[in-house]
Amino acid sequence: MAQLSTVLTQATPVVAARGEGALLFDEQDRRYLDFTAGIGVTSTGHCHPRVVAAAQEQVGRMIHAQYTTVLHRPLLDLVDRLGEVLPSGLDRLFFANSGSEAIEASLRLARQATGRPNVVVFHGGFHGRTVAAASLTTSGTKFRSGFAPLMAGVHVSPFPDPHHYGWSQEQATEFALDQLDYTLQTLSAPADTAALLVEPVLGEGGYVPASTEFFAGLRERADRHGILLIVDEVQSGYGRTGKFWGLDHFAGRPDVVVTAKGLASGFPLSAIAASDALMSRAWPGSQGGTYGANAVACAAALATLDVIQDEHLVQNAAARGKQLRAGLEERTTRHPAADNVRGLGLMQGVEFRDAHGKPDAAAAKAAQQTAHEHGLLLLTCGAWGQVVRFIPALVVDEAQVEEALDIWGQVLHTLP
Ligand code: PMP
């Protein structure tokens with residue numbers, strides 16, 4: 001009898017049968033508050049009626065039209081619509097299926113456009129699991145060990161993580177920028193450096209927001225040295241943080257934006273956006289793929305944008321994020337182990353540390369498991385798995401956030 005690979009483990013034993021908004025139901029029809037959203041994917045909630053209708057309509061009309069063979073209307077319309085939400089000037093798009101693929105497309109573009117081999121990434125970043133994307137990933141050795149050699153040309157510089165260093169945001173930012181200069185002086189000469197690749201909020205790395213000064217410093221160095229700034233918005237984009245892009249919190253000005261996850265409410269779709277001048281420096285043949293910009297995924301992505309706009313979901317993410325943050329902070333003070341709440345909008349994490357101040361993965365896992373038993377689905381993240389993260393769909397309502405917070409309060413009481 002065939003079985004799933006044993007290393008493909010699940011955070012919960014739930015067998016999901018159906019979903020509705022911020023709720024999931026298992027095969028016995030037990031209701032769960034889903035604060036995982038498919039790891040931040042189902043932006044408009046499970047099975048939003050408008051996304052379902054758009055996908056169903058497209059399935060009946062045309063499922064797949066390969067985009068280096070023919071063009072199709074949902075793709076052309078999506079390009080137009082994304083032009084309205086992308087940072088200004090980033091109006092050339094390439095589409096793929098997953099975040100990892102899009103990250104690799106941005107890497108190819110950066111190397112081809114600059115003729116330089118290296119990329120500087122920031123410690124704790126997660127950029128995907130394919131070999132090149134894993135080579136750029138430093139949020140945990142589990143994503144990059146055992147299949148060496150990894151891709152060469154990657155250098156790692158510190159991310160401004162105040163909790164990790166035990167410093168203020170200002171100190172951590174100053175340190176990270178100084179170390180970036182040191183990296184460019186000692187490891188990867190600017191003339192060898194194609195790109196800086198960064199997440200506005202570390203995702204898998206533990207839900208740590210960057211800062212305005214950090215993004216200003218990255219931009220200044222990128223401009224000074226002719227290096228491209230690639231911003232990985234795969235998890236932080238699409239309204240998740242209470243602004244459309246995570247980098248909007250930091251007045252970030254990227255050369256390339258990478259997006260995926262929330263883009264099509266659950267259909268596999270990813271994209272990179274760059275200026276015409278930059279994208280035209282990609283070499284012929286370097287962008288393509290069998291399934292990229294699948295017609296059903298594009299139709300779902302168009303409906304997703306409509307829903308985000310019409311239902312004011314970015315504003316909802318900001319308001320519900322505020323409620324969630326305040327509630328987490330309030331409950332967390334009742335439990336000394338869960339000492340640190342951080343994140344932006346509906347991307348919030350609670351970090352657990354033990355009596356010695358060390359990352360406490362066991363406590364985070366116990367909390368996540370107990371939450372599931374109480375009907376609240378959560379995930380962990382962070383280098384040690386010491387952070388419990390809350391990422392509900394952008395449609396989550398006030399009562400659902402309150403219910404999740406009540407459960408979280410009970411969970412903290414059960415912890416030793
Ligand atoms: N970048 C970031 C910031 C991510 O969070 C992820 C997925 N967790 C990826 C890239 C990779 O995306 P995918 O799993 O779709 O390849």
Could you give me the CA-CA distance, side-chain angles and deciding distance for Arg31 and Glu403, then say whether salt bridge (charged side-chain N to carboxylate O under 4.0 Å, His left out) is met?
CA-CA 13 Å; Arg31 170 188 178 277; Glu403 190 185 338; 2.9 Å; yes
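- Counting only distance, with no hydrogens or angles, the side chain of Glu351 and the backbone of Gly206 share no donor-acceptor pair below 3.5 Å.
- For the atom pair Glu84 CD and Asp91 CG, the distance stands at 12.5 Å (nearest 0.5 Å).
- Contact of the Val256 side chain with the Met279 side chain is not registered, since no non-hydrogen atoms from C-beta on lie closer than 4.5 Å.
- Heavy atoms of other residues, nucleotides or ligands lying less than 6.0 angstrom from CZ of Arg81 number more than 12.
- Put simply, OG on Ser106 and CG on Asp232 are 8.0 Å apart, with the number rounded to the nearest 0.5 Å.
- Side-chain atoms of Thr68 never come within 3.5 Å of backbone atoms of Gly288 as a donor-acceptor pair (strictly under, hydrogens ignored).
- Between Glu402 and Gln323 there is a side-chain heavy-atom pair separated by less than 4.5 Å.
- The aromatic rings of Tyr32 and His372 sit parallel, their planes meeting at an angle under 30°, below the 60° perpendicular limit.
- Using modelled atom types and a 3.5 Å distance limit, the side chains of Glu329 and Thr332 yield no donor-acceptor pair.
- Residues Arg221 and Asp181 are paired through a salt bridge, judged by an N-O separation under 4.0 Å between the basic side chain and the carboxylate.
- The closest donor-acceptor contact from the side chain of Arg116 to the backbone of Asp192 lies at 3.5 Å or more, if one exists at all.
- Atom CG in Asp161 sits 9.0 Å away from atom CD in Gln169 (nearest 0.5 Å).
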Which is it for Thr130 and Glu104 under the side-chain hydrogen bond (donor to acceptor under 3.5 Å, both in side chains) test, yes or no, and what are the steps along the way?
CA-CA 9 Å; Thr130 52; Glu104 296 211 4; 2.6 Å; yes
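- Within the 4.5 Å cutoff, the side chain of Val121 has no heavy atoms near those of the His155 side chain.
- Between Phe250 and Phe214, the gap from one ring centroid to the other reaches at least 6.0 Å.
- Annotation: side chain of Pro209 is not in contact with side chain of His249 (no heavy-atom distance under 4.5 Å).
- Other residues, nucleotides and ligands contribute only 12 or fewer heavy atoms inside 6.0 Å of the OH atom of Tyr182.
- Side chains of Thr304 and Thr44: no donor on one and acceptor on the other come within 3.5 Å.
- Within 6.0 Å of atom CZ in Arg129, 12 or fewer heavy atoms from other residues, nucleotides or ligands are found, so the atom counts as exposed in its surroundings.
- Look at Arg73 and Glu57 and you find no salt bridge, because none of the NZ, NE, NH1 or NH2 atoms lies under 4.0 Å from a carboxylate O.
- Checked by atom type and distance alone, the side chain of Arg144 never pairs as donor or acceptor with a backbone atom of Val131 at under 3.5 Å.
- Under a 3.5 Å cut-off, the side chain of Glu101 and the backbone N or O of Asn97 do form a donor-acceptor pair.
- Between the side chain of Gln112 and the backbone N or O of Ala282 there is no donor-acceptor pair closer than 3.5 Å.
- In this structure, a donor-acceptor pair under 3.5 Å is present between the side chains of Ser211 and Thr173.
- A side-chain donor from one of His48 and Glu311 sits under 3.5 Å from a side-chain acceptor of the other.
- Between Glu204 and Arg389, at least one side-chain nitrogen of the basic residue sits less than 4.0 Å from a carboxylate oxygen of the acidic one, meeting the salt-bridge criterion.
- Across Arg342, Gln348, His163, Gln235, a single residue satisfies side chain to side chain donor-acceptor pair (under 3.5 Å) together with Tyr207, and that is Gln235.
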Decide side-chain hydrogen bond (donor to acceptor under 3.5 Å, both in side chains) for Arg61 and Gln56; before the verdict, give the C-alpha distance in whole Å, the side-chain angles of both, and the deciding distance to 0.1 Å.
CA-CA 9 Å; Arg61 183 187 296 269; Gln56 282 176 338; over 6 Å; no
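- By the 4.0 Å N-to-carboxylate-O rule, Arg92 lies close enough to Asp276 to be salt-bridged with it.
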Residue pair Ile227, His225: steps toward the side chain to side chain contact (heavy atoms under 4.5 Å, CB included) verdict:
CA-CA 5 Å; Ile227 300 172; His225 300 302; 3.6 Å; yes
Start with the C-alpha distance between Ser98 and Ser270, add both sets of side-chain angles, then the distance that settles side-chain hydrogen bond (donor to acceptor under 3.5 Å, both in side chains), and finish with yes or no.
CA-CA 5 Å; Ser98 66; Ser270 63; 5.3 Å; no
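- Taking 4.5 Å as the limit, some side-chain heavy atom of Pro87 sits within range of a side-chain heavy atom of Val257.
- A cation-pi arrangement is present between Arg18 and Phe25, with the terminal nitrogen or guanidinium carbon under 6.0 Å from the aromatic centre and inside a 45° cone about the axis.
- The backbone N or O of Gly128 lies less than 3.5 Å from no partner atom in the side chain of Ser100, so there is not a single donor-acceptor pair.
- Annotation: side chain of Leu377 is not in contact with side chain of Leu33 (no heavy-atom distance under 4.5 Å).
- Between Phe244 and Tyr238, the ring center distance clears the sub-6.0 Å criterion.
- Listed for the Tyr291 side chain is no donor-acceptor partner under 3.5 Å among the backbone atoms of His64.
- Proximity of a side-chain donor or acceptor of Thr193 to a complementary backbone N or O of Ser188 within less than 3.5 Å is detected.
- Atom CG of Leu136 is separated from atom CZ of Phe126 by 11.0 Å, given to the nearest 0.5 angstrom.
- By the 4.0 Å N-to-carboxylate-O rule, Asp223 lies close enough to Arg219 to be salt-bridged with it.
- A donor-acceptor contact shorter than 3.5 Å is absent between the side chain of Ser139 and the backbone of Gly205.
- Rounding to the nearest 0.5 Å gives a distance of 9.0 Å between CG of Leu90 and CG of Leu278.
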Pair Ser236-Glu233, side-chain hydrogen bond (donor to acceptor under 3.5 Å, both in side chains): steps then yes or no:
CA-CA 5 Å; Ser236 58; Glu233 290 273 12; 2.7 Å; yes
Decide yes or no on side chain to side chain contact (heavy atoms under 4.5 Å, CB included) for Arg320 and Leu394, but give the supporting numbers first.
CA-CA 9 Å; Arg320 298 287 67 82; Leu394 311 186; over 6 Å; no
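- Considering CG of Leu93 and CG of Leu82, their distance stands at 5.5 Å, rounded to 0.5 Å.
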Derivation and outcome, side chain to side chain contact (heavy atoms under 4.5 Å, CB included), residues Leu196 and Ile230
CA-CA 6 Å; Leu196 311 175; Ile230 305 175; over 6 Å; no
Stepwise side chain to side chain contact (heavy atoms under 4.5 Å, CB included) test for Leu269 and Asn294:
CA-CA 8 Å; Leu269 187 66; Asn294 168 269; 6.0 Å; no
